[in-house]
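In what follows, chains carry the letters A, B, and so on, assigned in the order in which the sequence lines appear, proteins first and then strands, with residues in each chain numbered from 1. Being a predicted model, the structure only gives us computed values, none of them experimental.
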Amino acid sequence: MSKNAAIAELLEEMANYYDLDEEIWKQRAYAKAARIISGLGQDIEELYEQGGTKALIALQGIGKGIAETLQEYLNTGKIKELLAMRKKYPGIADMLRVQGIGPKHAKVLHTTLKIRSLEDLKKAAKNHKIRALQGFGEKSEQDILEGITLLEQTKGRQLLGVALGYAREIKASLQQHPSIQKVQISGSLRRRKETIGDLDFLITSTHPKEAITYFTSLPEVTRVITKGNSKASVILNIGMNADLRVIDKKSWGAALQYFTGNKDHNVALRQLAIKKGYKLSEYGLFKGTLRIAGTSEKEIYAALGLAYIEPELRTHTGELEHAKNNTLPTLITQNDIKGDLHMHTTWSDGIASSEEMIRACMKKRYQYLAITDHSPSQRLANGLDKKQLLEHLKELRTLQKKYNIQVLFGSEVDILADGQLDYPDELLAQLDVVVASVHTRFKMSKTEMTKRICTALQNKYVTILGHPTGRLLKERKGYDVDFDKVFDCAKKQGVAIEINAQPQRMDITDSLIRRAIAQGVMLCITTDAHSTEQLNTMELGVGLARRGWAEKKNILNTKTWKSLEKYIKRRRQ
DNA sequence: GCCGTTTTCGGCCCGACTGTTTTCAGTCG
Ligand SMILES: Nc1nc2c(ncn2[C@H]2C[C@H](O)[C@@H](COP(=O)(O)OP(=O)(O)OP(=O)(O)O)O2)c(=O)[nH]1
Ligand SMILES: [Mg+2]
Ligand SMILES: [Mg+2]
Ligand SMILES: [Zn+2]
């Protein structure tokens with residue numbers, strides 16, 4: 001994942017330049033390639049190092065030409081053609097970031113007004129130089145100024161855990177309106193992507209215009225971007241955009257399919273429809289003017305000869321082929337979860353007591369929980385020394401007698417720089433569950449880090465490898481690790497790979513989950529909760545697991561306590 | 001530029017909203 005985002009941006013930039021040159025198909029190909037790479041999950045550099053150009057071309061949507069561009073960048077750190085384009089069109093990339101300015105307008109501004117920067121653009125708008133141009137007017141000049149201001153205010157993508165909370169509040173407000181019947185959170189939220197660009201809502205309404213006006217007048221709305229008879233787009237006080245789409249209930253399934261995406265999945269599905277002699281839009285699947293499907297998503301997929309595809313799988317990464325062959329996985333659900341094996345208490349850096357965590361887990365009807373406070377190296381997080389660890393153990397054994405839920409005594413033990421664990425084996429032997437995690441010395445080489453982690457996994461007391469990539473969304477990338485090797489070790493040793501559901505971690509990634517499953521590795525969804533409230537992030541972890549094509553059998557904490565107990569015992573033999 | 005259980009050439013998703021149009025192009029989802 002290291003360079004993927006940066007490379008996707010470069011390809012996107014190139015796509016924009018091709019657009020200016022009216023190379024419309026090249027533009028589409030590059031834009032698509034950018035989307036593919038940004039959603040890839042696997043480090044494109046790693047892919048190239050291991051499989052060469054062939055591995056790049058093997059990606060659906062990347063062919064000889066773009067593979068060459070990628071190769072040039074990975075080998076030399078630059079793309080000659082891009083540099084030339086930047087020279088030809090200075091300042092255009094910035095202009096295109098302004099809401100409402102596309103390639104056509106940008107080009108006019110660039111050539112006729114010689115605009116080279118956002119500063120130039122602002123000045124031109126303020127001096128009313130823009131309104132006179134062909135295709136522009138007073139309003140669009142004003143919009144440009146506002147667009148620049150908004151650009152300066154916009155934050156990036158938001159964490160799923162945060163965005164989902166906001167979306168549920170808006171959903172509740174929408175449900176208040178008498179003309180609104182169904183409300184469905186859609187887009188990337190429904191696909192449970194780990195970061196969210198905007199909040200998308202699909203509704204049915206007996207009075208669409210009133211419903212839309214209600215939406216654009218919500219107290220959270222700070223600005224209305226567009227407002228029509230079937231959809232509206234607004235900016236919310238939380239710094240995110242929200243889109244509303246109103247649809248007749250006979251088109252509900254088609255609209256939900258459309259509004260859930262992702263874009264590439266939609267386009268591929270529509271292409272399939274064409275191939276079969278149909279037309280697919282948000283209004284339905286049509287043969288000529290006859291609607292042959294549209295009330296439910298299932299009906300649409302079925303009419304196209306496909307099994308139903310769960311939203312989390314709609315990423316255009318092979319799901320259509322599997323749907324056609326009826327080989328899609330039966331995804332894990334929240335109901336399958338029997339316990340939580342990673343959480344913290346006031347003994348280290350949590351804010352709830354052991355007893356509070358136990359009671360909260362009972363309320364969730366879990367069969368078991370593991371309390372896993374930090375080890376001594378985590379000084380800032382109040383890591384437990386030997387004496388404290390044994391006291392904590394005593395506390396938990398006492399609490400166990402009081403509650404009818406299996407209370408597992410665990411620890412999140414640091415993996416030290418040399419791969420040794422932060423407690424000696426004789427202490428680890430007294431623990432029921434050990435989550436081993438890297439918390440320090442991130443900047444090792446890939447070889448060293450891989451060796452470090454594999455060494456740790458060889459300790460027979462390790463149950464779970466904690467937050468395996470070490471990424472913190474919006475903050476830092478993961479460390480360099482060879483996951484094929486790590487998965488190999490995990491498989492051999494019988495260690496589970498964690499799917500950490502903390503909103504900022506969401507660690508490990510969806511595509512790595514898919515690879516882990518392909519390699520036969522067990523995974524475990526945990527919340528890493530530091531409060532009782534945070535135990536609720538389990539749903540985010542389940543969403544992430546589903547994005548990784550995980551079935552119940554792939555997830556350790558779907559096991560009953562009896563079966564889990566056996567699993568842990570076997571590991572320690 | 002990419003792609004192919006009807007194709008290696010000729011297609012490439014489809015529709016809403018807006019401003020500037022005098023019939024629709026541009027932008028966005
Ligand atoms: N058919 C089609 N559908 C699109 C297109 N663009 C967007 N959509 C659909 C699929 C998207 O998931 C949905 C919502 O659009 P968004 O721009 O909000 O994207 P999405 O929510 O997937 O990601 P986000 O996190 O908001 O960036 O609309 C398009 O060009 N064609
Ligand atoms: Mg969205
Ligand atoms: Mg949207
Ligand atoms: Zn933890």
Using OP1 and OP2 only, check whether a side-chain N or O of [X] sits under 4.0 Å from [N].
{"X": "S230(A)", "N": "dC17(B)", "value": "yes"}
{"X": "Q142(A)", "N": "dG19(B)", "value": "no"}
{"X": "S140(A)", "N": "dT20(B)", "value": "yes"}
{"X": "K227(A)", "N": "dT18(B)", "value": "no"}
{"X": "K139(A)", "N": "dG19(B)", "value": "yes"}
{"X": "K324(A)", "N": "dT5(B)", "value": "no"}
{"X": "R28(A)", "N": "dC13(B)", "value": "yes"}
{"X": "Y283(A)", "N": "dA16(B)", "value": "yes"}

Would you kindly compare F136(A) and Y18(A) by the position of their nearest DNA chain B nucleotide and give the one closer to the 5′ end?
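So the residue in question is Y18(A).
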
5'-most contact on DNA chain B: I66(A) or N241(A), nearest heavy atom basis?
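On the 5' side of the pair lies I66(A).
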
From the set dG15(B), dC13(B), dG1(B), return the single nucleotide nearest to any side-chain atom of I274(A).
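Among dG15(B), dC13(B), dG1(B), the one nearest the side chain of I274(A) is dC13(B).
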
Select one nucleotide: of dC2(B), dT27(B), dC12(B), the one nearest the side-chain heavy atoms of K64(A).
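Comparing dC2(B), dT27(B), dC12(B) against the side chain of K64(A), the answer is dC2(B).
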
Find the distance Q271(A):CD to dC2(B):P and express it as a whole number of Å.
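Value for this atom pair: 15 Å.
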
Rounded interatomic separation in angstrom, taking NZ from K107(A) and P from dT27(B):
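For the pair K107(A) NZ and dT27(B) P, the rounded distance is 12 Å.
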
